2 protein chains.
Amino acid sequence: MDRTDRRLVAALRADGRASYAELARAVGLSASSVHERVTKLETAGVITGYRAVVDPVSVGIGVTAIVGIEPGENGQDDPIAAALDATPEVESCYQVAGDNAFVVVVRVADIEELSQVLGRLRAIPGVARTRTTVVLSTVFEGRPRPDRPPTDGGS
Amino acid sequence: MDRTDRRLVAALRADGRASYAELARAVGLSASSVHERVTKLETAGVITGYRAVVDPVSVGIGVTAIVGIEPGENGQDDPIAAALDATPEVESCYQVAGDNAFVVVVRVADIEELSQVLGRLRAIPGVARTRTTVVLSTVFEGRPRPDRPPTDGGS
DNA sequence: ATTGAAATTTGGTCGCC
DNA sequence: GGCGACCAAATTTCAAT
């Protein structure tokens with residue numbers, strides 16, 4: 001993971017369909033060198049996949065909610081995590097410190113579906129209660145952090 | 001947005017680098033038809049981009065926190081949103097209902113950097129306080145919802 | 001809209017530096 | 001590690017339907 005690798009990762013985070021020729025121009029190497037580096041980054045697990053980013057409204061999941069999952073007194077985390085994993089409306093699932101064992105991001109078509117999903121989340125064994133925060137608007141999301149220039153050690 | 005478009009979007013959400021030839025095989029059309037459809041989905045704003053998914057630890061952002069931003073009595077939302085946008089460590093920003101005006105996802109290298117970023121967030125004019133939840137582990141994240149088969153009207 | 005065919009570009013492998 | 005060359009495969013354009 002030298003500077004070139006970091007620049008390649010940053011470029012692919014910004015445009016996951018960039019061609020090796022484009023990446024080569026961006027980092028000043030040949031396409032075959034870039035190909036070898038990117039392959040290594042993929043096999044090393046640094047790059048875990050590529051995804052199209054989609055307008056949620058267009059694909060029928062225009063309503064987003066952030067839901068805290070509070071477990072009961074002696075609730076185990078693992079079966080709760082498995083139940084959340086089995087709920088397709090749960091897009092992301094974080095195990096967290098604090099009152100909630102988990103915070104999940106739920107995406108659904110409308111408020112009615114949100115209500116149904118929240119009912120299912122509450123019905124998960126070991127879940128004592130849920131705390132739901134409805135998203136009014138997504139200001140921005142999943143933004144790639146720009147590649148930071150190497151720290152200048154000072155003059 | 002017919003059934004074929006939805007299948008293309010689902011396929012590209014699962015693999016953003018899928019070739020047109022692969023997509024064509026998946027939906028049973030020619031590569032050129034798929035190309036035209038995907039181009040239209042892009043220009044229509046249904047597909048907004050393509051991103052490489054990266055292991056956060058490998059790129060030096062192994063610590064994630066979910067931070068609620070509570071505004072003051074007469075704090076305006078727009079300048080707060082602009083300040084959050086100008087903070088590169090803020091990966092996602094949601095305007096929400098409830099006590100917090102915003103919930104943001106922060107990604108940083110370590111707890112020390114988290115502390116610094118939280119200080120900067122609290123220093124944003126109009127922000128009364130922040131509520132931070134540290135992520136202990138990411139169970140899953142940004143999972144594409146599988147394409148749902150068309151609703152059977154029943155027999 | 002979809003297609004097949006044509007022209008261009010890219011992906012992926014190899015030997016060499 | 002990086003490079004240029006190579007060939008198979010893909011992207012992209014286009015006229016016809």
Side-chain angles (χ1 to χ4, degrees), chain A residues 1-60 142 144 146-153, chain B residues 1-60 142 144 146-153:
Chain A
M1 279 296 283
D2 60 3
R3 168 164 165 73
T4 302
D5 283 336
R6 283 194 298 275
R7 291 175 65 188
L8 288 174
V9 168
L12 284 168
R13 289 239 288 169
D15 178 10
R17 277 186 93 94
S19 70
Y20 293 123
E22 287 172 307
L23 296 172
R25 282 188 285 274
V27 302
L29 286 182
S30 70
S32 45
S33 293
V34 167
H35 182 258
E36 186 177 330
R37 278 176 177 264
V38 172
T39 302
K40 282 181 181 171
L41 289 168
E42 288 168 352
T43 58
V46 177
I47 296 173
T48 57
Y50 299 90
R51 299 259 171 86
V53 184
V54 164
D55 171 44
V57 176
S58 300
V59 296
D147 187 36
R148 287 175 287 183
T151 305
D152 183 353
Chain B
M1 280 295 283
D2 59 3
R3 169 165 165 71
T4 301
D5 282 336
R6 284 194 298 275
R7 290 176 65 189
L8 289 173
V9 168
L12 284 168
R13 288 240 286 170
D15 177 9
R17 275 185 96 92
S19 72
Y20 292 122
E22 286 173 308
L23 296 171
R25 282 188 286 272
V27 302
L29 286 182
S30 69
S32 39
S33 289
V34 168
H35 179 254
E36 187 175 329
R37 277 178 178 265
V38 171
T39 303
K40 282 181 182 172
L41 288 168
E42 288 167 353
T43 58
V46 176
I47 296 172
T48 57
Y50 300 89
R51 301 258 170 85
V53 184
V54 164
D55 171 43
V57 175
S58 300
V59 297
D147 188 34
R148 286 176 288 184
T151 306
D152 183 353

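Chain naming here is simple, since letters A, B, ... match the order of the sequence lines and numbering starts at 1 in each. The shown structure was predicted, so the numbers you read here are calculated from the model rather than taken from an experiment.
In this structure the side chain of B:Glu42 never reaches within 4.5 angstrom of the side chain of B:Val46, judged on heavy atoms. Inter-residue side-chain proximity for A:Val27 and A:Glu22 is flagged as unmet; no heavy-atom pair is nearer than 4.5 Å. A 4.5 Å side-chain heavy-atom check between B:Val53 and A:Ile47 finds every atom pair outside the cut-off.
With sequence neighbours left out, the side chain to side chain donor-acceptor pair (under 3.5 Å) criterion links B:Thr48 to no other residue. B:Arg37 is linked by a salt bridge (charged side-chain N to carboxylate O under 4.0 Å, His left out) to B:Asp2, B:Asp5, counting only residues two or more places apart in sequence or in another chain.
Residues B:Ala14 and B:Pro144 share a closest heavy-atom pair of CA-CG, 4.4 Å. Contact detail for B:Ala24 and B:Ser30: the closest heavy-atom pair is CB-C, 3.7 Å. A:Arg6 and A:Met1 get closest at one heavy-atom pair: NH1-O, 3.3 Å. Of all heavy-atom pairs spanning B:Ala11 and B:Leu23, the tightest one is CB-CD2, 3.7 Å.
The outermost nucleotides of DNA chain D lying under 4.0 Å from heavy atoms of chain A, listed 5' to 3', are D:dG1 to D:dG4. Running 5' to 3' along DNA chain C, contacts with non-hydrogen atoms of chain A at under 4.0 Å begin and end at C:dT10 to C:dT13.
Without hydrogens or angle criteria, A:Arg51 side chain to B:Leu12 main chain gives no donor-acceptor distance under 3.5 Å.
Within a heavy-atom distance below 4.0 Å of DNA chain D, the residues of residues 24-47 of chain B found are B:Ser32, B:His35.
Stem regions annotated for DNA chain D: C:1-17 with D:1-17, counting only runs of 3 or more consecutive pairs of Watson-Crick or G-U type with both contacts under 3.5 Å.
At least one test fails for B:Arg13 against the ring of A:Tyr50: distance under 6.0 Å to the centre or angle within 45° of the axis.
Here CG of B:Leu29 is found 11.0 Å from CD of B:Glu36. Values are rounded to the nearest 0.5 Å.
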